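Before any comments, here is the structure.
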There are 2 protein chains.
Amino acid sequence: MKNRIRVLRAERRWSQAELAAQVGVSRNSIISIENGHFDPSLSLAFAIADAFGCKIEDIFERDPPKPKA
Amino acid sequence: MKNRIRVLRAERRWSQAELAAQVGVSRNSIISIENGHFDPSLSLAFAIADAFGCKIEDIFERDPPKPKA
DNA sequence: GCATAATGCAAAGTTAACTTTGCATATTGG
DNA sequence: CCAATATGCAAAGTTAACTTTGCATTATGC
């Protein structure tokens, strides 16, 4: 799943550590989500959206649908 | 986390099994999410939103913020 | 009243999210 | 140049999401 966290962080000049603290997870979680190693839980997605003052849909992008065969 | 899945399903007259099939998870996952036993992953939340033609924010409601002490 | 569909839950297993620690390598600023 | 800050990843552990199976109960329809 793609996301715009890095850009939104850059706009605000927040480090990964600052964002992690704000949303209440470890820095490694932010790195892994930001770099697409895994997807956040829905509650973490809400927390990130709240931190940036955005909607989830404005930050995270659905994966392309699977080919049907 | 609260959600409006049961209402949205009722409006469309979909069973839990039908919704489960549409979004590609087991029926038990739908029951557990619908009844608040656990939260969906972000990708499942997107799939549910797509099934209903809604946004995530229109289906799922944030938990109230934790008291600060 | 009876069959069928719908819902709920429990138990046990797998997978994925998330944590902690630690280390390596940039990048930035004085 | 040096120190501090920022980023990335790896390994090993915990927790939570999700699966499968199975069974019990509650509608719904003929």
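The sequence lines fix the lettering, A, B, ..., with proteins before strands; numbering per chain opens at 1. Just so you know, these numbers come straight off a predicted model, no measurement behind them.
Nucleic acid contact class of A:S26 (heavy atoms, under 4.0 Å, all strands): base. Here A:N28 lies in heavy-atom contact (under 4.0 Å) with a base. Note on B:S41: only backbone sugar-phosphate atoms sit closer than 4.0 angstrom, heavy atoms only; bases stay farther off. Contact annotation for A:D39: backbone-only contact, meaning every heavy-atom pair under 4.0 Å involves sugar-phosphate atoms and none involves a base.
Of all nucleotides in DNA chain D, those with any atom nearer than 4.0 Å to a heavy atom of chain B start and finish, going 5' to 3', at D:dA17 to D:dT21.
Of the inter-residue distances, the one linking A:F46 atom CZ with B:E57 atom CD reads 5.0 Å to the nearest 0.5 angstrom. Note that CD of B:Q16 and CD1 of B:I5 are 9.5 Å apart. Values are rounded to the nearest 0.5 Å. Put simply, CG on A:L42 and OG on B:S43 are 10.0 Å apart, with the number rounded to the nearest 0.5 Å.
A heavy-atom distance below 4.0 Å to DNA chain D is reached by these residues of residues 10-24 of chain A, ordered by number: A:S15, A:Q16.
Taking a cutoff of 4.0 Å between a charged side-chain nitrogen and a carboxylate oxygen, A:D58 and A:R4 do not qualify as a salt bridge. Between B:R6 and B:E34, at least one side-chain N (NZ, or NE/NH1/NH2) sits under 4.0 Å from a carboxylate O, which counts as a salt bridge.
If B:R27 and B:H37 are placed on DNA chain D by their nearest nucleotide, the residue sitting closer to the 5' end is B:H37.
Within the 4.5 Å cutoff, side-chain heavy atoms of B:N28 are placed close to those of B:I31.
A donor-acceptor contact shorter than 3.5 Å is absent between the side chain of B:E61 and the backbone of B:M1.
Atom CD1 in B:I30 sits about 12 Å away from atom P in C:dG8, given to the nearest Å.
B:S32 and B:S29 form no side-chain donor-acceptor contact under 3.5 Å, judged by distance and modelled atom types alone.
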